[in-house]
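The figures here come from the full heavy-atom set of this structure, side chains too, leaving out hydrogens, waters and symmetry mates. Protein chains get the first letters and strands the later ones, always in sequence-line order, with residue 1 at the start of each.
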Amino acid sequence: MWNLMKNCWRTSGKFRFGAVVLVVLVGLALVAPVIYRPIIGNRSPARPGQFQRWLPPSGTHPMGTDGHGRDLLTNYLAGLRTTLYIGFLAGVISTTVGVSVGFYSGYKGGGIDAVLLTITNMLIVIPSYPILVAIAMVTPELTVATMSLILALFAWPFSARMIRAQVMTMKERAYVELAKVSGQGDLAIIFTEMMPNLTPYLLMGFAFSVVGAMVAEVAIEAIGLGPSNIITLGLMINYANGWGVYSMGRFEILLIPVAVLVLIFAAITMINRGMEEYLNPRLQKVTTEK
Amino acid sequence: MFKLMRKYPILNYYFTKFFAYFLTIFGALTITFFMFRLIPANPIENWLRSLEAQYSLTIDGGDAMVNSYKEKFGMTGTLWQQYVRYMYNVIFHFDLGPSFINFPRPVSELLAEALPWTMGLLAVSISISWVLGLLVGAVAAWFRDSPVSGTITNISIALSQVPAYLIALFLVLFIGYQWKLLPTRGAFDGQYAIGWNLDFIRSVARHSILPALAIVTVSLAAWILSTRSLVISNLGEDYLLYAEAKGLKSGDIMTKYALRNAMLPQATGLALTMGSMMSGQLLIEHMFVYPGLGQVMGRAIAIFDYNAMMGLIILSVVSVMTASLAVDLLLPVIDPRIRTAIKA
Amino acid sequence: MYQHVDSGERLIDIRDLRVWYRTTRGPAKAVDGVNLTINRNEVFGLAGESGCGKSTLAKGILGVIKLPGYFEGGEVDFCRKKSDSTLICEDLLKMSREQVRRMRWRDMAYIPQSAMNVLSPVARIDKQMLDGIFEHTNWSKEKARARMYECMDLVGLDKAVARMYPHELSGGMKQRVAIAAAITLTPDLIIADEPTTALDVNVQQVILQELKEIREKLKLTLIYVTHDMAVHAEMADRMGIMYAGVLMEVAPVVDTFHDPYHPYTEGLISSIPSIGGGRERMMGIPGRAPSPLEYPSGCRFHPRCPKVMAICSEEMPTLKQVGPERYVACHLHDEYTFEERANGGD
């Protein structure tokens, strides 16, 4: 896996761009508590009424304060933290489920495959937003973990379908046939022969799930249909809209979370593309011809 | 019937596709039905309470009242009985039940009112982004080593996974509020008479630009990328070299060979992305207060209107599945290889 | 005994042609300094191991080199007869892309390596044969169609094939389609790149025979590219042996087989299995062809050459004339001082 990363880094500028942006953002999210301290001490960034409302940016509040008297910078960082965390958690859950189902379905084939595929297709056609919002509405104190779980519920069929397709083609490859003929067990074949070759697809599927979960999370938060007890970048957008920051001339309060989100999505997509480029040299500009 | 199917394999193919179509719709509805019912909510009581608050009156009767409404909304009996009753009404009477929104109007009326707005917006934005995406993608693939193509590709990559509502926020912020160029709320101005008059149509067009633009921006990027990589992988194909050896013009090679071969997967892709486009659009409509299904969704969710939410999901599932069925049925007509594969 | 058609007319004159591929590890010199004259109305066989650059040379003449491939240098003079029977030779590499495009198919056609894949899977055969005609003529639909059927008839294809899709045809039929398509506009030159390699031996024989007859009937010049020396023995008038991006030997086909000058040619010929030739031990060439990214110093064949000398690793031999109609690039023939190449220097 490390080698894969190194090769992608070497071959693709897109991968380099995405990786740098993502590492910086994740780094910021990780060290966020250290940044909080001088501004708000040990209090939660979400607690209202800590400071005067609508303070302009200054030395003590680099981005000013919001309509609830909270420091904006710490809230952005807290939002970034939660958004990334939810995306990561939902990505892990849905990739695990999706990969297991996809693998089992594609590898076994036949009736099991048909049943699993039908269920996967059924879940894929259901529009997830109304149900997500409905669940979020009746669960007043939603935790980050439940939120991730709910998001993963609708994200796994996509990675299942992708992995299944890869497994189906890989099953026909000579080395898998050879392993079967030589009497290796299913699990041994899956883990020693197929997994290593599927790693890049697993990573891509994971990235895809993370993006999907974050898109859904931010969507329902941003339009104000999500839970209001967890600070995420989506919720920051919703607040900014609600406060009417346009008319106050404080565009940046809305623009910052939107821009950070766009950066996250772009970075993950760039990384994905970079990997694809490395795997499919025909997409590269300079190919290694015979 | 089976004899006939063995004689004409194409019938077998169509039959399988239709069967999968109905099965998937049925399964998706069943899953959704139970998901909604398992969410612990009390819509009837909430609704009655909201009526009380709205008209500042007290509704007497208590439980009896609630029960009579429960019956109207098909919420009596065991979960299983509710399910069977609901599915029976939907399948055999196309009856989606009443809605809390403007009770006692049925859900179907509510949806029928909103549907044209959604479909209109969706049709316009999908066709613009698909056609434009195919053309730009093919050109970007053809001149893939030029810096312009590289820039287009990189911008598209960056935008392709950005949700449309973030784009919509930018559009509302700058075009709507800052420069006040276009309206950001509703589908038309109230002062014009609804109908086929020029003012009204112009007003509708002006109102649709921003929401459509938000959807087009993102899906255009996605279509450019997928077309580009399809055409590039086609560029290695021998038939393009051969077409060039024939001395055909670059434009002809691109449209008649490269694009023609890339179009089949793209047509399939169109049907497959219908689902995500539709759910993306629901949010956009909500943001732009557009009187389409997105509006209905927002209101239905706010008061936990089971029937309206189910109706919306049925509508969305059926249209997505119908689009993909249409592709499945058309594929043998447009792709000779599939036709032969079925016959074999 | 060989029958060489010496009309004294050049059709193509290639000078120091270099076609390279850009790669991440530096340029791959697929064609790296080829000098060759093709005469009008001859069959020229281009032979060599796979990866020696013969396919790239064929594509280079047609000018269908695509990035990452590019022309590093050289000239490809193509001579056309004017109505007053004077010859006009123009360098294809100096002409505009548009000019070369117009010449393709009308003046020089191409029979591809794998007819399996050259036909677009989603269009009918007639559409793919006719588009070449319409591009270069202003014929009526009826005239173009009539010509198409005429050519299909020449290669023994039924009219019904025109309405079929590629996947409905066998490999041999697709190859015939490709031949028929190439002769529709009776070009001066046809470049056939391994046209029968993918077919089974029986079909290959029949198609070769047909191709030979058609060529004689239409008086076409044919450049025939294949690694199969037996096919060259049957088809070619003259042949060139390519190795590591350059020509090692150019000679009439009979001389090539009976009295090869270059050790590499000898090796190639000794590796042909002969039918009814007794239980002779087949001799291959030891070692592997060098990578076009990094050729050996001096003569590119010297690491594998059984007759290698000291000079071979130091100096690269040039292709020079060592007899009438005979050219070789080998230090074994350094003492020959035959006159300079007949057409060289103009």
Review point. Does the side chain of B:Leu166 come within less than 4.5 Å of A:Phe265's, by heavy atoms?
Key: yes

Review point. Does some side-chain heavy atom of A:Val125 sit less than 4.5 Å from a side-chain heavy atom of B:Ser316?
Key: no

I'd like to know whether [atom1] of [X] has more than 12 heavy-atom contacts from other residues, nucleotides or ligands below 6.0 angstrom.
X        : atom1 : answer
A:Tyr76  : OH    : yes
A:Arg16  : CZ    : yes
A:Phe88  : CZ    : no
B:Phe170 : CZ    : yes
B:Phe18  : CZ    : no

Study note, to complete from the structure: Heavy atoms of B:Ala28 and A:Met122 approach each other most closely as CB-O, 3.7 Å

Interatomic spacing from [atom1] in [X] to [atom2] in [Y] - rounded to 0.5 Å:
X        : Y        : atom1 : atom2 : result
A:Leu132 : B:Met35  : CG    : CE    : 9.5 Å
B:Leu23  : A:Thr118 : CG    : OG1   : 6.0 Å
A:Ile124 : B:Met321 : CD1   : CE    : 10.5 Å
A:Met270 : B:Asn154 : CE    : CG    : 5.0 Å
B:Ile314 : A:Ile126 : CD1   : CD1   : 11.5 Å
A:Arg273 : B:Ser156 : CZ    : OG    : 9.0 Å

Exercise for review: Go through the atoms of B:Thr24 and report whether side chain, backbone, both or neither lie under 4.5 Å from a heavy atom of chain A.
Suggested key: both

With a 4.5 angstrom heavy-atom cut-off, could you sort out which part of [X] is near chain B: side chain, backbone, both or neither?
X        : value
A:Leu255 : side chain
A:Leu254 : side chain
A:Phe17  : neither
A:Ile237 : side chain
A:Asn241 : side chain
A:Val215 : both

Practice item. Mind running side-chain contact (heavy atoms from CB on, under 4.5 Å) on A:Ile131 and B:Ile313 for me, showing each step along the way? Key: CA-CA 9 Å; A:Ile131 298 173; B:Ile313 286 175; 4.0 Å; yes

Check your understanding: Among pairs that include at least one residue of residues 112-134 of chain A, which meet salt bridge (Lys or Arg N to Asp or Glu O under 4.0 Å), considering only residues two or more places apart or in two chains?
Key -> A:Asp113-A:Arg164

**Study point:** Partner chain B: residue of A:Val258, A:Ile264, A:Asn272 with the largest heavy-atom pair count (under 4.5 Å)
**Key:** A:Val258

Practice item. Begin from the C-alpha positions of A:Val218 and B:Tyr165 and carry the test side-chain contact (heavy atoms from CB on, under 4.5 Å) through to its verdict. Key: CA-CA 9 Å; A:Val218 177; B:Tyr165 55 79; 3.2 Å; yes

**Study point:** Winner by heavy-atom pair count (cut-off under 4.5 Å) against chain A, out of B:Val162, B:Thr30, B:Ile157
**Key:** B:Ile157

Check your understanding: Looking at B:Leu38, B:Val172, B:Leu225, which one has more heavy-atom pairs under 4.5 Å with chain A than the rest?
Key -> B:Leu225

